[in-house]
Amino acid sequence: MIHSGVVAPEGEPGAGRLACQPMNPPVPEILQEALATVLVASGIERAPADIHVERTTRPDHGDWFTNLAMVVAKPAGRAPRELAADLADRLKAHPPLHVDKVEVAGPGFINFHLGHGWLEDILARLLEAGEEGYARPDLGHGEKVQIEFVSANPTGPLHVGNGWLCSFGDTLARLLERCGHRVSREYYVNDTGGQVRRLGESLLARVRREEVPEEGYQGDYVTELAGHYPGGSEDDVTEAGRWAAARILDNIRGSLGRLGIRFDEWFSQASIEEGGAVAETLQLLSSRGLVYEKEGATWLRTSDLGDSRDRVLIKSNGDITYLGGDIAYHRNKFLVRGFDRVIDVFGADHHGQVASLRAAVAALGVDPESLEIHLGQMVSLVGAKMSKRAGNFVSLDSLLDDIGKDAFRLLSLMKSINEATTLDLDLVRRQTMDNPVYYVQYAHARISSIGRVRAERGIAMVPVAEANFSLLTHPRECELIRCLDELPDVVADACVRREPFKVTNWVRKLADRFHGFYHDCYVMGEGVAPDLTQARLHLVEGARIGFSIGLGLIGVSAPESM
RNA sequence: GCCCUCGUAGCUCAGUGGAUAGAGCGCCGGCCUCCGGAGCCGGGUGCGCAGGUUCGAGUCCUGCCGAGGGCGCCA
């Protein structure tokens with residue numbers, strides 16, 4: 001932490017100076033407003049609702065550009081380049097804030113070259129907002145959203161694949177929270193039905209020192225649990241299964257804790273199936289004429305609602321199907337607890353239930369748009385598939401023992417969950433020393449180190465308002481500030497598109513920019529003027545804020561030293 | 001057979017319809033007088049195939065090829 005030793009007391013001149021100076025609006029707003037104005041002046045009647053301005057990818061294209069002329073030209077019956085030139089001329093007559101140069105290029109792009117004041121504004125805005133306020137777009141407006149993830153059956157420890165989606169769900173939850181949603185994390189506990197009975201059978205078999213049935217759970221953990229089983233009626237498989245499931249659930253909680261994940265709700269499937277929820281749900285569906293009896297079973301007309309066929313809710317033996325319980329569960333989410341939006345995160349092996357569930361939610365009278373289902377593609381190991389029943393999975397705990405929480409979270413949040421992953425455990429373990437996590441954390445440790453050296457040398461930081469950011473003209477400094485400028489957009493984008501890995505990519509980019517800055521721009525080196533030192537100290541603080549926000553979102557710790 | 005996801009550099013992956021497609025790893029070669037060298041700088045190869053939409057396609061549409069997953073009165 002870098003804290004000023006000379007923070008001006010409140011009320012004195014200087015302390016509130018920043019707040020008194022109205023902050024300039026961000027560049028996109030400045031450009032959009034200017035473009036809207038010249039568009040009208042140029043005789044274009046209907047301006048697009050959303051005028052698109054973007055950062056350029058190449059320096060010779062300036063800093064920002066718009067495709068506005070090309071978008072508007074055709075409906076207006078004008079040539080794109082001609083219109084672009086017209087707009088550019090009008091902009092040049094009254095240049096918007098920070099705009100040094102306006103150019104028309106290519107098929108009709110308008111490029112903006114900005115002055116250094118742009119970067120100074122970015123840094124000032126970032127430092128004023130701080131870790132709490134920066135990159136906190138209010139996209140949700142308090143929307144009440146529930147996110148259910150993992151929900152692995154308590155029939156065995158979490159494996160690496162489970163952990164992968166844990167990272168996704170938890171970081172998505174953090175993103176939603178940061179972007180103005182009220183988020184509840186939920187774990188649906190399958191503590192009833194066939195899986196539990198099967199677990200109980202496996203346990204009792206081990207208690208009797210017999211082989212586990214073929215369809216049972218073969219893992220060593222069952223044998224271990226059997227050693228502690230207090231008994232009970234020897235043939236009550238449900239009782240045995242529930243006892244084992246409770247133990248395993250404790251283990252799962254522990255693994256999640258190691259990953260920094262806490263659930264707000266552990267929702268019992270038994271509470272749904274053994275309470276009145278299913279009956280109430282059936283009644284609702286019946287009243288809509290969507291339920292019928294056939295061959296002794298109770299069916300839901302899901303084929304009327306986008307599913308490929310109808311589905312059974314109550315088996316002919318009277319048992320509730322998984323779907324039957326799941327519908328009641330989703331009725332509870334939407335209609336009982338009143339979530340505005342429900343997000344389910346499943347593994348791709350649950351693909352088969354998506355259409356049914358969507359149809360079922362529609363059958364409940366809930367807007368299907370408010371149910372989001374994200375399928376994470378399979379995570380497997382080189383040369384092996386993980387199977388809980390066969391007991392040949394790699395547990396999340398053992399991998400965490402090897403590489404640690406930070407490396408695991410970063411690793412699991414580096415790419416889209418739409419992409420299948422095959423882990424080479426040897427490689428992952430070996431990569432430990434040149435894992436991206438070190439690159440990122442080392443950058444943060446260097447920031448802390450700068451703070452320590454500053455304290456040792458007794459250098460006090462001046463207030464932000466007294467720092468002269470116009471001195472930060474080194475290319476490394478400019479690149480670092482530009483990177484920090486992207487964070488609010490990255491957070492919003494990652495949230496809206498449900499793509500947490502974008503945050504990881506950004507953090508890595510920030511680390512890259514910071515290492516470059518650190519290498520070329522000594523903050524307190526010999527011959528660095530005091531004013532420049534002050535400006536750079538604030539830039540370093542800005543980077544620290546960026547790391548804190550980014551690493552906080554992906555759940556990776558920001559160490560003071562390595 | 002039908003449905004979903006994916007195919008971009010040797011490998012792992014980025015790339016809201018924009019201009020000359022980018023990182024990391026690996027490989028080769030440089031850089032420690034000062035805040036931590038777990039760092040910095042330089043070096044090169046690529047959008048599975050074929051059509052279509054568009055001023056403009058890695059991105060959107062159709063078909064094909066290839067990989068993974070799914071199509072139960074299992075969960």
Side-chain angles (χ1 to χ4, degrees), chain A residues 52 54 56-58 60-61 65 67 70-71 73-74 79-81 105-109 111 153 155 190 192-196 198 215 269 294-299 308-309 311-326 347-356 375-378 380 414-422 424 427 431 433-439 441-443 445-454 456-457 459 476 489 493 496-497 501-502 504-505 508-509 511-512 514-516 518-528 533 536-537 540 561-562:
Chain A
H52 223 59
E54 273 182 75
T56 61
T57 48
R58 298 167 49 83
D60 51 309
H61 293 155
F65 76 94
N67 63 354
M70 291 180 289
V71 173
K74 195 166 188 181
R81 273 201 70 108
F109 294 107
N111 294 334
N153 289 339
T155 50
N190 182 351
T192 183
Q195 306 272 33
V196 170
R198 199 168 286 140
E215 287 290 287
Q269 185 175 337
K294 192 178 86 178
E295 295 164 5
T298 304
W299 296 69
S308 56
R309 44 166 295 192
R311 305 284 168 178
V312 173
L313 298 179
I314 310 287
K315 305 179 199 174
S316 48
N317 70 2
D319 282 354
I320 299 156
T321 62
Y322 182 81
L323 179 65
D326 213 19
D349 54 338
H350 289 69
H351 173 74
Q353 70 198 63
V354 171
S356 311
L375 295 179
Q377 295 301 309
M378 294 283 94
S380 53
M414 288 214 300
K415 65 175 189 177
S416 163
I417 59 163
N418 288 338
E419 193 137 357
T421 297
T422 305
D424 183 333
L427 199 64
Q431 265 183 349
M433 287 318 286
D434 55 348
N435 191 292
V437 75
Y438 290 89
Y439 186 74
Q441 292 188 321
Y442 185 44
R446 280 178 150 178
I447 289 177
S448 301
S449 173
I450 289 173
R452 287 190 293 270
V453 171
R454 186 186 62 73
E456 281 167 20
R457 298 188 190 175
I459 300 173
R476 300 289 206 174
D489 295 337
D493 195 46
V496 167
R497 298 172 62 171
F501 74 89
K502 287 177 186 297
T504 311
N505 286 351
R508 296 177 70 188
K509 181 176 179 178
D512 178 69
F514 184 81
H515 282 305
Y518 182 89
H519 186 267
D520 284 358
C521 303
Y522 281 93
V523 176
M524 293 163 290
E526 296 164 16
V528 179
T533 290
R536 284 180 172 168
L537 282 171
V540 169
S561 62
M562 306 277 293

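Hydrogens, waters and symmetry mates are skipped; everything else that's a heavy atom, side chains included, is used. Throughout, protein chains are lettered first and strands after them, A, B, ... in sequence-line order, and every chain is numbered starting at 1.
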Roughly how far apart, to the nearest Å, are [N] and [M] at atom [atom1]?
N     : M     : atom1 : result
B:G42 : B:C35 : C1'   : 26 Å
B:C71 : B:U8  : P     : 27 Å
B:C49 : B:G10 : P     : 14 Å
B:A19 : B:A57 : C1'   : 13 Å
B:G46 : B:U20 : C1'   : 15 Å
B:A21 : B:C47 : P     : 11 Å
B:C65 : B:G24 : C1'   : 30 Å
B:G63 : B:A23 : C1'   : 34 Å

If you check every side-chain atom of [X], which of [options] has the closest atom?
X      : options             : result
A:D512 : B:C34, B:C40, B:G18 : B:C40
A:D520 : B:C73, B:U5, B:C40  : B:C40
A:H351 : B:C35, B:G70, B:C55 : B:G70
A:Y439 : B:A14, B:A19, B:C40 : B:C40
A:M524 : B:C73, B:C35, B:G18 : B:C35
A:H519 : B:C6, B:U33, B:C40  : B:C40
A:E295 : B:C73, B:G68, B:C34 : B:C73
A:M562 : B:C34, B:A38, B:A75 : B:A38
A:E526 : B:A75, B:U33, B:C35 : B:U33
A:A105 : B:G68, B:A19, B:A75 : B:A19

### Query
Is the base of B:C32 syn or anti, if syn means a glycosidic angle within 90° of 0?
syn
Under 4.0 Å: is that the gap between some side-chain N or O of [X] and OP1 or OP2 of [N]?
X      : N     : value
A:K74  : B:G56 : no
A:Y522 : B:C40 : no
A:K315 : B:G72 : no
A:R309 : B:C73 : yes
A:N153 : B:A75 : no
A:R476 : B:C41 : yes
A:K294 : B:C73 : no
A:R446 : B:G37 : yes

### Message
By the 4.0 Å heavy-atom rule, please label A:K502 as base, sugar-phosphate, or nothing.
### Response
sugar-phosphate
### Task
Remember a base hit wins even if backbone is also touched, and classify A:D349 as base, sugar-phosphate or nothing at under 4.0 Å, heavy atoms.
sugar-phosphate
Under a 3.5 Å cut-off for both contacts, is [N] paired Watson-Crick or G-U wobble with anything, and if yes, with which nucleotide?
N     : result
B:C2  : B:G70
B:U12 : B:A23
B:C49 : B:G63
B:G42 : B:C28
B:C55 : B:G18

### Query
Where do A:C521 and A:R476 come nearest, in terms of heavy atoms and distance?
SG-CB, 4.0 Å
Tell me whether the ring of [X] lies stacked over the [N] base, given a 5.5 Å limit on centroids and a 30° limit on the plane angle.
X      : N     : result
A:F109 : B:A19 : yes
A:Y322 : B:A75 : no
A:H61  : B:A19 : yes

### Query
To the nearest Å, how far apart are A:R81 CZ and B:C55 P?
18 Å
With a 3.5 Å distance limit and no angle check, can you tell me whether [X] reaches the backbone of [Y] through a side-chain donor-acceptor pair?
X      : Y      : result
A:H515 : A:Y442 : no
A:R457 : A:M524 : yes
A:T533 : A:V523 : yes

#### Entry: A:T155 and A:R198: CA distance, side-chain angles, deciding distance, side chain to side chain contact (heavy atoms under 4.5 Å, CB included) verdict
CA-CA 9 Å; A:T155 50; A:R198 199 168 286 140; over 6 Å; no
### Task
Look at the rings of A:F109 and A:F65 and say which category their plane angle falls in: under 30° parallel, 30 to 60° tilted, over 60° perpendicular.
perpendicular
### Query
Toward the 5' end of RNA chain B, which comes first, A:G525 or A:Q269, by nearest nucleotide?
A:G525
### Task
Please figure out whether A:D493 or A:V312 has its closest RNA chain B nucleotide nearer the 5' end.
A:D493
### Message
So for atom NZ, which belongs to A:K74, do other residues, nucleotides or ligands contribute more than 12 heavy atoms lying within a distance under 6.0 Å?
### Response
no
